[in-house]
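Read the structure below first, then the notes.
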Number of protein chains: 2
Amino acid sequence: MDPAVHMTGALDPRGGWVAEECSISRALEVIGARSTLLILREAFYGTTRFADFASRAGLSEPVAAARLRELLSDGLLELQDYQDPGKRTRQDYRLTPKGAELFPVLAALMQWGDRWLAESDGPVELRHRGCEQHVAVQLRCAAGHEVDSGELDLASGASHQARSVPDAT
Amino acid sequence: MDPAVHMTGALDPRGGWVAEECSISRALEVIGARSTLLILREAFYGTTRFADFASRAGLSEPVAAARLRELLSDGLLELQDYQDPGKRTRQDYRLTPKGAELFPVLAALMQWGDRWLAESDGPVELRHRGCEQHVAVQLRCAAGHEVDSGELDLASGASHQARSVPDAT
DNA sequence: CGGCATCCTTAGGGATACTG
DNA sequence: CAGTATCCCTAAGGATGCCG
């Protein structure tokens with residue numbers, strides 16, 4: 001509570017984040033639908049086949065098919081040939097690098113849901129292989145400092161005026 | 001490409017992530033609508049008043065009103081009294097801690113959009129106040145290691161069986 | 001098994017006009 | 001300025017059935 005807002009400048013509302021130029025807005029055009037993120041969740045959980053996507057994401061086949069098609073054409077998934085020994089060649093859905101780099105979005109959503117919406121700690125945990133420690137999403141600057149929300153400035157790319165992010169922690 | 005999938009176990013599809021128990025799914029119930037994230041984006045950019053939310057997020061007033069109402073009742077925003085000198089008391093919308101902690105989700109979306117959908121680097125940049133270095137979203141384990149997607153294991157909370165996250169980098 | 005076709009319902013969202 | 005009321009359109013998504 002008690003939002004400590006430290007203005008360090010003024011970010012012009014027309015300074016480039018509204019509507020189409022905004023990367024958040026653009027990202028939402030691609031993954032804005034709920035079903036899209038559920039499909040991606042399954043892809044990160046290791047699902048590769050059509051029927052599994054539909055049933056595990058809890059979607060009807062037509063919806064799953066539509067989303068998978070979009071994800072292919074947006075380059076987040078790709079079809080890959082595989083062959084079970086003694087069977088004919090088939091195809092399954094694999095994450096591309098573009099799709100795989102969405103993982104922090106899902107991880108951040110999961111972390112927030114675990115914190116604010118789950119009874120316990122949430123049913124799925126992320127761990128660092130080898131070290132086995134819990135993995136969290138965090139903000140860190142290029143100098144290596146962990147940054148909390150009170151220390152963030154927003155800068156518009158053009159003007160490089162800065163404004164702080166409202167802090168409510 | 002060349003997804004190096006290292007299975008380290010088997011995550012039972014019924015092991016707790018499907019449908020309602022899943023924190024991602026729950027989070028999407030709250031912030032799944034496109035307009036909700038646009039409203040939150042504006043809140044992080046410093047918007048506090050109704051008309052600004054509507055116009056800056058590019059939403060019609062009825063939609064903005066509906067989303068703001070939901071965000072209030074979900075506890076992501078709260079109304080706060082304020083008073084401009086010589087004017088009567090008014091209220092504006094402020095992020096609660098619950099809402100503020102969604103910032104990594106927006107930051108991750110922005111980062112992905114900057115990387116894969118923007119022409120240049122994207123119109124808005126995050127910087128660490130003081131240090132002025134660029135701020136990025138990353139995954140880090142409790143032991144302090146930066147974790148890339150190839151080193152992630154998923155563990156179901158109940159069984160603690162582990163499975164790797166498919167890596168496409 | 002991996003879809004597509006069809007039909008239907010609901011939710012998201014815009015436009016316009018109006019009120020406190 | 002901060003909304004609400006109404007109306008309408010489109011997109012998201014489920015159910016069922018069919019097809020290669």
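Labels below follow one simple rule: chain letters A, B, ... track the order of the sequence lines, proteins then strands, and each chain is numbered from 1.
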Quick note, A:R67 side chain, CB onward, closest among C:dA15, C:dG13, D:dG13 is D:dG13
Winner on side-chain proximity to A:A51, out of C:dG2, C:dG14, D:dA2, is C:dG2
Separation of C:dG13 atom P from B:F53 atom CZ, nearest Å, is 16 Å
ask   = Below 4.0 angstrom from OP1 or OP2 of C:dG12, is there any side-chain N or O of B:R34?
value = no
- Query: Any side-chain N or O of A:R49 under 4.0 Å from OP1/OP2 of C:dG3?
  - Reply: no
Taking the side chain as everything from C-beta on, heavy atoms only, tell me whether A:I24 gets closer than 4.5 Å to A:L28.
yes
Separation of D:dC1 atom P from B:F50 atom CZ, nearest Å, is 12 Å
OG of B:S149 to CG of A:L102, rounded to nearest 0.5 Å, is 11.5 Å
Atom CG of B:L59 and atom P of C:dT16 are separated, to the nearest Å, by 16 Å
Between CD of B:E29 and C1' of D:dA12 the distance, given in whole Å, is 14 Å
Between CG of B:L77 and C1' of D:dA2 the distance, given in whole Å, is 16 Å
Practice problem: Check every strand shown and say whether B:L68 touches a base, only sugar-phosphate, or nothing at a heavy-atom separation below 4.0 Å. | Solution: nothing
Practice problem: Answer with base, sugar-phosphate or nothing: what part of the nucleic acid does A:Y93 contact at a heavy-atom distance below 4.0 Å? | Solution: sugar-phosphate
Out of D:dG13, D:dA2, D:dA5, minimum distance to the side chain of B:R90 belongs to D:dA2
From CZ of A:R69 across to C1' of C:dG2 the rounded distance in Å is 12 Å
- Message: Just to be sure I understand the rule, does A:R88 reach a base, reach only the sugar-phosphate, or reach nothing, if contact means heavy atoms closer than 4.0 Å?
- Response: nothing
Does the side chain of A:D114 come under 3.5 Å of the side chain of B:S23 through a donor N or O and an acceptor N or O? yes
In whole angstroms, the gap separating C1' of C:dG2 from CG of A:L79 amounts to 11 Å
Taken to the nearest whole Å, CD/B:Q80 to P/D:dA2 is 15 Å
Looking only at C:dC4, C:dA15, D:dT4, the nucleotide nearest the A:E61 side chain is C:dC4
Would you call B:D92-B:R94 a salt bridge at under 4.0 Å N-O? yes
Using modelled atom types and a 3.5 Å cut-off, is there a donor and acceptor pairing between side-chain atoms of B:R129 and backbone atoms of A:G150? yes
Is the shortest side-chain N/O distance from B:S35 to OP1 or OP2 of C:dG13 below 4.0 Å?
yes
